[in-house]
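I have placed the structure first, in the form of structure tokens, so that the comments after it can refer back to it.
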2 protein chains.
Amino acid sequence: MKKSQNICDLKSCFLCKNTLKEWHPAISANKVNLKVKKGEVIFKEGDPVTGIYFVNSGSVKVYKKWDKDKELIVRFAREGSLFGHRGLGVGGTYPISAAALEPTIVCYVDVAFFEASIKVNSDFTYQLLMFLTEELKQSERKMRNLAHMSVKGRVAEALISLQNQFGVTADGFINIDLSRQDLSSYAGATYETVFRMMNELVSEKLISLSGKSIRLVNREELLKLAQDIVFL
Amino acid sequence: MKKSQNICDLKSCFLCKNTLKEWHPAISANKVNLKVKKGEVIFKEGDPVTGIYFVNSGSVKVYKKWDKDKELIVRFAREGSLFGHRGLGVGGTYPISAAALEPTIVCYVDVAFFEASIKVNSDFTYQLLMFLTEELKQSERKMRNLAHMSVKGRVAEALISLQNQFGVTADGFINIDLSRQDLSSYAGATYETVFRMMNELVSEKLISLSGKSIRLVNREELLKLAQDIVFL
DNA sequence: CGTAAATAATGACATTTATCATGTAATAAT
DNA sequence: ATTATTACATGATAAATGTCATTATTTACG
């Protein structure tokens with residue numbers, strides 16, 4: 001990670017954009033910009049918490065390790081999103097790890113300053129509250145899916161979720177360059193099983209592949225696969 | 001559910017006790033007490049959000065349905081804890097269900113009043129923030145475990161977690177009357193598999209059973225089974 | 001540009017976990 | 001008290017998923 005000279009403008013920070021016009025200059029004065037290379041780890045589980053981060057450009061995976069070579073990707077943080085906030089509160093160490101998926105610029109805010117801001121700016125805190133609630137909902141949904149949904153369903157869900165988050169390129173492929181390993185970690189299964197399910201999805205013409213790129217061909221059917229059995 | 005005459009005193013509400021001495025009377029004026037029978041559902045996924053709840057006495061399971069007869073218990077709410085807060089924010093419907101595990105008294109606070117309070121009382125909001133962060137951490141830990149830990153490990157973890165939450169009776173049994181079905185839903189596996197794992201744990205002398213009651217005999221070994229492989 | 005290292009593809013096999021079937025015990029309803 | 005219903009116990013079996021081994025392909029980098 002390399003400190004960058006140019007100031008992170010937080011132009012797209014979901015929290016700042018809406019509610020923090022007056023907070024914004026303060027954060028600008030109290031932060032440091034970091035340039036992170038693709039694959040570089042920003043912090044990892046067990047590291048002492050020193051601050052929280054905003055993604056200025058690029059994208060970051062937030063994950064929890066299991067083995068030396070097994071992990072679960074908990075979420076992605078894109079431009080404007082914050083991460084590292086799980087380090088707040090008791091413990092004093094990050095419960096998760098974060099690494100850049102592409103060349104990324106993050107801005108770093110000291111935790112003391114962040115906590116102080118929370119206590120002062122109730123609008124910001126409210127936004128943060130809503131953000132956490134939403135994350136919690138997603139998280140519990142995913143928990144339930146990991147417990148009861150088949151891997152195929154989880155792959156379908158993961159793909160739809162990726163497309164929702166990252167959109168598509170001009171030729172209709174999901175606009176993120178994710179390794180198959182990372183895709184597996186996101187779906188919460190082994191590489192091999194995910195690979196098999198991807199093959200099935202291809203032969204069922206629900207998705208199509210071009211190298212590492214993935215296109216959702218039959219979104220309807222994918223949704224069915226990924227769908228909650230809501231009432232039954 | 002039956003409205004109760006006697007006023008819920010919130011004597012043990014973790015949020016109120018510490019930070020809300022002045023907020024407390026206000027909430028007392030704006031709430032309704034409900035008596036809930038064992039097994040009774042307080043709200044379920046998809047129900048429109050009307051308020052949030054505090055447990056005054058008893059205990060509640062918070063769960064997410066999958067099939068007609070499959071669910072995942074996300075957490076338990078005990079005396080003093082709040083639930084239903086996942087209904088805050090967008091959506092307008094509860095993403096989870098809640099049911100009483102024993103005869104329980106909950107107090108219900110109108111969502112509009114709750115949201116207003118959040119915006120006004122920054123101390124309370126801060127406490128809530130910390131609570132959500134902690135829930136999120138737990139939730140992500142459990143996610144990771146569901147993805148990578150064996151059922152046996154999850155059962156061990158579930159049992160330890162139950163003992164931590166509900167304590168033990170005079171004769172050393174976990175102080176909660178939970179059906180085997182619910183235990184399975186908490187561990188995130190089928191009844192049969194959990195049953196087998198319990199048998200293994202008994203024959204390995206890590207736990208002992210007496211009817212439905214469970215005693216942790218060798219906490220050390222259980223912890224090892226449930227433990228994160230932290231660094232590796 | 002060429003070589004090492006990482007990532008990906010793929011089949012064979014092992015293990016775990018879920019499903020099904022059946023019987024019993026406990027609980028609730030009439 | 002009697003019956004119906006629900007929870008619990010248990011083995012047999014099937015299905016899903018993970019592990020391992022091997023080869024191909026891409027990427028990183030000196």
Side-chain angles (χ1 to χ4, degrees), chain A residues 37-41 61 66-73 99-103 144-156 158 176-203 207-214 225 229, chain B residues 37-41 61 66-73 99 101-103 144-156 158 176-203 207 209-214 225 229:
Chain A
K37 280 182 291 193
K38 177 176 174 162
E40 197 176 349
V41 174
K61 66 170 176 179
W66 177 246
D67 265 339
K68 176 161 68 299
D69 38 28
K70 252 186 226 165
E71 63 189 38
L72 179 75
I73 294 179
L101 291 171
E102 51 187 313
R144 196 266 324 266
N145 290 351
L146 284 166
H148 294 305
M149 193 184 261
S150 72
V151 173
K152 193 166 177 182
R154 299 209 300 269
V155 170
I176 176 112
D177 182 25
L178 199 65
S179 78
R180 291 291 142 105
Q181 278 300 344
D182 279 344
L183 177 59
S184 309
S185 301
Y186 190 45
T190 58
Y191 168 83
E192 290 92 331
T193 306
V194 171
F195 168 78
R196 279 180 252 283
M197 297 310 156
M198 295 280 283
N199 278 351
E200 286 188 23
L201 293 175
V202 168
S203 64
I207 65 174
S208 70
L209 304 175
S210 164
K212 272 204 321 192
S213 302
I214 303 167
L225 272 178
I229 293 106
Chain B
K37 281 181 291 194
K38 176 173 176 167
E40 198 176 350
V41 174
K61 67 171 176 178
W66 176 246
D67 265 338
K68 177 164 64 298
D69 38 27
K70 252 187 225 164
E71 62 188 40
L72 180 75
I73 293 179
L101 291 171
E102 50 188 312
R144 195 268 321 270
N145 291 350
L146 283 166
H148 294 305
M149 194 184 260
S150 71
V151 173
K152 192 165 177 181
R154 299 209 301 269
V155 170
I176 175 106
D177 182 26
L178 199 65
S179 78
R180 291 291 141 104
Q181 279 299 345
D182 278 344
L183 177 59
S184 309
S185 300
Y186 190 44
T190 57
Y191 167 83
E192 289 94 327
T193 306
V194 171
F195 167 78
R196 279 179 251 285
M197 298 309 156
M198 296 279 283
N199 279 350
E200 287 188 23
L201 292 176
V202 168
S203 63
I207 66 176
L209 304 176
S210 165
K212 271 203 326 192
S213 301
I214 303 167
L225 271 179
I229 293 109

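Order of the sequence lines sets the chain letters (A, B, ...), proteins ahead of strands, with each chain counted from 1.
- Following rounding to the nearest Å, B/Asp69 (CG) and D/dC8 (P) show an atom-to-atom distance of 14 Å.
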Practice task
Please step through side-chain contact (heavy atoms from CB on, under 4.5 Å) for the pair A/Leu146 and A/Leu72, ending with a clear verdict.
Solution key: CA-CA 11 Å; A/Leu146 284 166; A/Leu72 179 75; 4.1 Å; yes
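- Residue-to-nucleotide proximity on DNA chain C shows that, of A/Ala147 and A/Gln181, the 5′-proximal contact is made by A/Gln181.
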Exercise for the section: Output, in order, the C-alpha distance, side-chain angles, deciding distance and verdict of side-chain contact (heavy atoms from CB on, under 4.5 Å) for A/Leu201 and A/Leu225. Expected result: CA-CA 10 Å; A/Leu201 293 175; A/Leu225 272 178; 3.7 Å; yes
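- Taking atom CG of residue B/Leu146 and atom C1' of nucleotide D/dT17, one finds them 15 Å apart after rounding to whole Å.
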Exercise for the section: Applying side-chain contact (heavy atoms from CB on, under 4.5 Å), run through B/Arg180 and B/Val194 and close with a yes or a no. Expected result: CA-CA 8 Å; B/Arg180 291 291 141 104; B/Val194 171; over 6 Å; no
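- As a whole-Å value, the separation of B/Arg196 CZ from C/dT16 P is 13 Å.
- Atom-to-atom, CG of A/Leu201 to C1' of C/dA9 comes out at 16 Å; the value is rounded to the nearest Å.
- Atom NZ in B/Lys37 sits about 15 Å away from atom C1' in C/dT27, given to the nearest Å.
- A/Arg144 has no carboxylate O lying under 4.0 Å from a charged side-chain N of B/Glu71, or vice versa, which leaves the two without a salt bridge.
- The side chain of B/Phe195 sits closest to D/dT10 out of D/dT10, C/dT10, C/dT17.
- Less than 4.0 Å separates DNA chain C from at least one heavy atom of each of the following residues of residues 182-194 of chain B: B/Ala189, B/Thr190, B/Glu192, B/Thr193.
- Residue B/Met197 contributes atom CE, which lies 14 Å from atom P of C/dT15 at whole-angstrom precision.
- Listed for the B/Glu40 side chain is a donor-acceptor partner under 3.5 Å among the backbone atoms of B/Lys37.
- With hydrogens and angles left out, the side chain of B/Arg154 and the base of C/dT16 share no donor-acceptor pair within 3.5 Å.
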Between the protein and nucleotides 26-30 of chain D, which nitrogen or oxygen pairs come in under 3.5 angstrom?
none

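- In this entry the distance linking CH2 of A/Trp66 with C1' of D/dG18 reads 15 Å, nearest Å.
- A side-chain donor-acceptor contact under 3.5 Å links A/Ser185 to the backbone of A/Gln181.
- Following rounding to the nearest Å, A/Glu200 (CD) and D/dA15 (C1') show an atom-to-atom distance of 13 Å.
- Side-chain atoms of B/Arg180 stay outside donor-acceptor range of the base of D/dT6, with no qualifying N/O pair under 3.5 Å.
- Distance check: A/Asp177 CG to A/Glu102 CD gives 8.0 Å after rounding to the nearest 0.5 Å.
- Among the protein residues, A/Lys70 comes within range of the sugar-phosphate backbone only, with heavy atoms under 4.0 Å from sugar or phosphate atoms but none that close to a base.
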Practice task
Test A/Ser213 against A/Ser210 for side-chain hydrogen bond (donor to acceptor under 3.5 Å, both in side chains), laying out the working first.
Solution key: CA-CA 5 Å; A/Ser213 302; A/Ser210 164; 5.5 Å; no
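- Checked by atom type and distance alone, the side chain of B/Arg154 pairs as donor or acceptor with a backbone atom of B/Met149 at under 3.5 Å.
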